[in-house]
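Single-structure report; data block below.
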Amino acid sequence: IDDAPHNHPDFKKLNSLPQLIDIKNYKKKLQELLSQFEYYFGTKIVIAGHPRLKNSSIYKKNFGRFKVLFDQTENLVASSRYVIAHDSTSINYAILHKKPILSLNSKLFYHHYQNKIKKMSTLIGSNHFYLENKYFKKNLFPKLNLKKYDKYINTFLKCRALSSEKPWSDFIVKFSKKL
């Protein structure tokens, strides 16, 4: 799952810096890691591209030979064996679909972004790996922690005010009364 750490459209809108210190080195290390992952796990990597960058002519080049698909993130996650991500709200799909996650970090990210990835990894119990570390299969193995996933779902994804099996119906009823 790509969250566009160096070319997210919000950086321009918010007049903020990208999350990366060295973009060229990051792209190289990311492509190396993805190749190693494919080799170790005998799987094909497909990138769930950031939906707001689907019309960018430069964006797909970030991933080299790897296929990039847009507007299919949930389906890609649901049909995957593993999920690799930095930090993205789309990680919620992996948690809801009970997929093992590899939280990918880099020393090329600014400190605050590194911390955010590390904290999310701890929260959901995923394996946490820095691009700069040596590639060994055991280091790259995505983890699934059902207990932490359930806690995350109950804490952050469920609405406590609506307890039925039809949350959208309940939402409409609850909030239409106040209008």
Side-chain angles (χ1 to χ4, degrees), residues 1-11 16-95 97-145:
I1 300 172
D2 185 52
D3 63 337
H6 68 282
N7 57 348
H8 195 289
D10 288 349
F11 296 147
S16 64
L17 294 171
Q19 305 297 345
L20 274 160
I21 297 168
D22 183 345
I23 295 167
K24 186 177 178 180
N25 198 14
Y26 164 78
K27 288 180 192 179
K28 180 182 172 205
K29 288 187 177 299
L30 179 64
Q31 289 178 27
E32 287 172 5
L33 175 118
L34 296 176
S35 292
Q36 284 296 313
F37 193 91
E38 277 188 336
Y39 172 75
Y40 285 144
F41 296 99
T43 190
K44 187 161 178 62
I45 298 282
V46 177
I47 309 295
H50 193 284
R52 291 185 27 220
L53 290 169
K54 65 182 166 189
N55 296 322
S56 171
S57 58
I58 299 169
Y59 180 73
K60 286 185 179 182
K61 292 179 185 176
N62 294 335
F63 305 102
R65 66 175 178 82
F66 299 99
K67 187 175 189 174
V68 181
L69 298 176
F70 296 93
D71 300 325
Q72 298 178 47
T73 303
E74 184 177 8
N75 291 333
L76 287 171
V77 170
S79 64
S80 70
R81 282 198 303 184
Y82 310 112
V83 172
I84 302 171
H86 297 311
D87 179 56
S88 169
T89 53
S90 292
I91 288 174
N92 293 334
Y93 292 132
I95 293 166
H97 287 286
K98 310 287 194 234
K99 298 296 178 173
I101 300 172
L102 174 64
S103 295
L104 194 56
N105 214 332
S106 175
K107 293 176 183 159
L108 299 171
F109 291 140
Y110 285 103
H111 186 71
H112 69 279
Y113 193 60
Q114 287 183 50
N115 285 342
K116 191 174 179 188
I117 293 167
K118 178 67 176 158
K119 286 180 181 182
M120 182 63 162
S121 175
T122 301
L123 184 65
I124 62 175
S126 67
N127 195 8
H128 180 256
F129 183 80
Y130 274 89
L131 276 173
E132 293 75 21
N133 292 351
K134 296 210 184 262
Y135 305 131
F136 295 112
K137 187 174 181 176
K138 66 177 182 162
N139 295 351
L140 295 177
F141 206 86
K143 275 176 63 181
L144 171 66
N145 187 322

Checklist entry - Should the ring pair F141 and Y82 be called parallel, tilted or perpendicular, given that the plane angle runs from 0 to 90° and is split at 30 and 60? => result perpendicular
Item to check | Closest non-hydrogen atom pair, N139 against K134 | outcome: ND2-O, 3.3 Å
Checklist entry - For G49 and V68, which heavy atoms make the closest approach, and how far apart are they? => result CA-CG1, 3.8 Å
Checklist entry - So F41 and K137, side chain to side chain contact (heavy atoms under 4.5 Å, CB included) or not? Walk me through it. => result CA-CA 8 Å; F41 296 99; K137 187 174 181 176; 3.7 Å; yes
Checklist entry - Could you state the interatomic distance from NZ (K60) to CZ (F66), rounded to the nearest 0.5 Å? => result 15.5 Å
Next on the checklist: Return the CD1 to CG distance between I95 and N145, rounded to the nearest 0.5 Å.
Outcome noted: 10.5 Å
Next on the checklist: Taking the side chain as everything from C-beta on, heavy atoms only, tell me whether P51 gets closer than 4.5 Å to D71.
Outcome noted: yes
Would you mind writing out the side-chain donor-acceptor pairs for residues 99-109 within the sub-3.5 Å range, not counting sequence neighbours?
| unit_1 | atom_1 | unit_2 | atom_2 | d |
| --- | --- | --- | --- | --- |
| K99 | NZ | A78 | O | 3.1 |
| K99 | NZ | S80 | O | 2.6 |
| S103 | OG | S126 | OG | 2.6 |
| N105 | ND2 | Q114 | O | 3.0 |
| N105 | ND2 | H128 | NE2 | 2.9 |
| S106 | OG | L108 | N | 2.9 |
| S106 | OG | E132 | OE2 | 2.7 |

Checklist entry - What's the verdict on side chain to side chain contact (heavy atoms under 4.5 Å, CB included) for I84 and I45, showing C-alpha distance, side-chain angles and the deciding distance? => result CA-CA 9 Å; I84 302 171; I45 298 282; 4.1 Å; yes
Next on the checklist: Go through it in stages, so that I can follow the logic: the residues are L34 and I47, the test is side chain to side chain contact (heavy atoms under 4.5 Å, CB included), and I'd like the CA-CA distance, side-chain angles, deciding distance and then a yes or no.
Outcome noted: CA-CA 10 Å; L34 296 176; I47 309 295; 4.0 Å; yes
Next on the checklist: Counting only heavy atoms not in K29 (residues, nucleotides, ligands), do more than 12 fall under 6.0 Å from its NZ?
Outcome noted: yes
Item to check | Pairwise side-chain contact, Y135 with F129, heavy-atom cut-off 4.5 Å (strictly under) | outcome: yes
Next on the checklist: Take a 6.0 Å sphere around NZ of K98 and say whether it holds more than 12 heavy atoms from other residues, nucleotides or ligands.
Outcome noted: yes
Next on the checklist: What's the separation between atom CG in L140 and atom OH in Y40, rounded to the nearest 0.5 Å?
Outcome noted: 7.0 Å
Next on the checklist: Are F37 and T43 packed together at the side-chain level, in the sense that at least one heavy-atom pair is separated by less than 4.5 angstrom?
Outcome noted: yes
Item to check | Exercise: identify the closest heavy-atom pair between T73 and Y93 | outcome: CG2-CD1, 3.9 Å
Next on the checklist: Rounded to the nearest 0.5 Å, what separates atom NZ in K67 from atom NZ in K44?
Outcome noted: 7.5 Å
Checklist outcome for this item: Rounding to 0.5 Å, atoms OG (S79) and CD (E74) come to a distance of 10.5 Å
Checklist entry - Can you tell me if N92 uses its side chain to pair, donor with acceptor, with the backbone of T89 under 3.5 Å? => result yes
Checklist entry - Do you know the tightest heavy-atom contact between K138 and N127? => result O-ND2, 3.9 Å
Next on the checklist: Any side-chain to backbone donor/acceptor pair from S121 onto I117? Under 3.5 Å, distance only.
Outcome noted: no
Next on the checklist: Measuring centre to centre across the rings, with the benzene-like ring taken for any Trp, is Y59 within less than 6.0 Å of F70?
Outcome noted: yes
Next on the checklist: Measuring only between side-chain heavy atoms, which start at C-beta, is R65 closer than 4.5 Å to S35?
Outcome noted: yes
Item to check | Spacing of CD1 belonging to I1 relative to NE2 belonging to H86, to within rounding of 0.5 Å | outcome: 11.0 Å
